[in-house]
Amino acid sequence: MKRVYNFSAGPSVLPQTVLEKAASEMLDYNGSGQSVMEMSHRSKAYKPIIEGTEALVRELLTVPANYKVLFLQGGASLQFAMVPLNLKKKGKAAFVDTGVWSDKAIKEAKKWLQVDVIASSKATQYDRIPEVATVTGDYDYVHITLNNTIVGTAWGALPDTGDIPLVADASSNILSEPLDISKFGIIYAGAQKNLAPAGVTLVIVREDLIREDLPADVPTMLRYDTHAKEGSMYNTPPCWSVYVMKLVLEWVKALGGAEGMGKLNREKAAILYDYLDSGDFFRATAQKGSRSLMNIPFLTKIGDPEKAEAINKKFVAEAEAAGLVNLAGHRLVGGMRASIYNAMPKEGVQALVDFMKKFAAANAEA
Ligand SMILES: *Cc1c(COP(=O)(O)O)cnc(C)c1O
């Protein structure tokens, strides 16, 4: 069996020990004689899985007692709709536009609310997080995208929104480092980048934002109170994805929790950024001060677009042959992108940089 280093932006690499454990329990979970895929979500065997997953989320993210932890479906993309449907009161929300995902969230929210885009980095191809120190106004909430998967930027200091709930899409950086949950009204993440296989969305929501007085036409499945009341068991939860999330969280805990992950992720990202900043063949696209620890897009310094495009293709093909896969950049940024989520080992990042050095030497212009 040959495993590659997988730099996919999502779905993405999972810890090998997690996959091995899931494989070993595939036919007979904990003496039940069944796979987790087969068992009733209301069974005795399954209950400790979903409850244990929630307990680990609470422990590793230090979730305060007045927040609910929900395991939903529909991806982060459904949260783009659920947030406005559940938080709309005055009818106005503020958004910071930091790229494709925030733009999608804006477009969706506009179906129900007046959206004020209070800051944007579009003018500089989203290569940074715009400065937003404080937000005031008549808003139901303020929405940010904590980590921008496509352009490789991430928020540092959060804006001070006072009493206005801060809502964040943390799909691509949840649990990559410590995060103060109490600063947020709602934080949501599609799990398939840092937590689990696709199919489950983690939503952490402050209890006072879970309303029962919503308009009658809000679909039952799109109300936070439906899921909060039923412990994410109003209907069948994504049982298997939740189970694998539990294994991933156990793995994170063994490595020192959010703090351990943060230390490891800073080391990993530094290996790649230091090389990108020091070499004369490649360059990072995100500005210093706004750089993501998770997604690192990079270009060559070749000026001629056609030549650059040919070299990018050559890089991606040769990297794949060397066991470093899914390095093609997003079409909006071009070039290459290395997603180095929690489960990407340091050795994988080092192997990538070693390969880049060799590639740069072999392809330096005469
Ligand atoms: C991947 C991603 C999404 C979309 O997630 P789905 O679960 O596929 O809906 C949204 N926001 C960010 C920041 C992402 O990285």
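As the structure is a computational prediction, the values presented were derived from the model and not from experiment. Counting starts at 1 for both ligands and their atoms, in listed order.
- Here Tyr67 contributes atom OH and Arg206 contributes atom CZ; the two are 5.0 Å apart, rounded to the nearest 0.5 Å.
- The shortest distance between side-chain heavy atoms of Phe71 and Met245 falls below 4.5 Å.
- A distance of 7.5 Å separates CD1 of Ile164 from OH of Tyr139, quoted to the nearest 0.5 Å.
- At the top of the distance list for atom 11 (N) of ligand 1, counting protein heavy atoms only, stands Asp169 OD2, 2.6 Å.
- In this structure, Tyr5 and Phe7 have tilted ring planes: the angle between them lies in the 30° to 60° band.
- Here Phe282 and Phe315 bring their ring centres to under 6.0 angstrom of each other.
- Taking any N or O of Ala76, backbone or side chain, at least one lies under 3.5 Å from an N or O belonging to ligand 1.
- Between the side chains of Asn295 and Thr149, no donor-acceptor pair of N or O atoms lies under 3.5 Å.
- Contacts between Asn147 and ligand 1, counted as non-hydrogen atom pairs separated by less than 4.0 Å, involve the backbone only.
- Closest to atom 9 (O) of ligand 1 among all protein heavy atoms lies Ser77 OG, 2.6 Å.
- Outside the 6.0 Å centre-distance limit, the rings of Tyr46 and Tyr29 are not counted as a close aromatic pair.
- Distance from atom 15 (O) of ligand 1 to its nearest protein heavy atom, with residue and atom name: Thr149 OG1, 2.4 Å.
- Looking at atom 8 (O) of ligand 1, its nearest protein heavy atom turns out to be Gln192 NE2, 3.3 Å.
- In terms of protein heavy-atom proximity, atom 1 (C) of ligand 1 is nearest to Lys193 NZ, 1.3 Å.
- Contacts with ligand 1 closer than 4.0 Å are made by side-chain heavy atoms of Ser171 only, the backbone lying farther away.
- Heavy-atom proximity to atom 3 (C) of ligand 1, evaluated over Trp101, Tyr188, Phe80, is greatest for Trp101.
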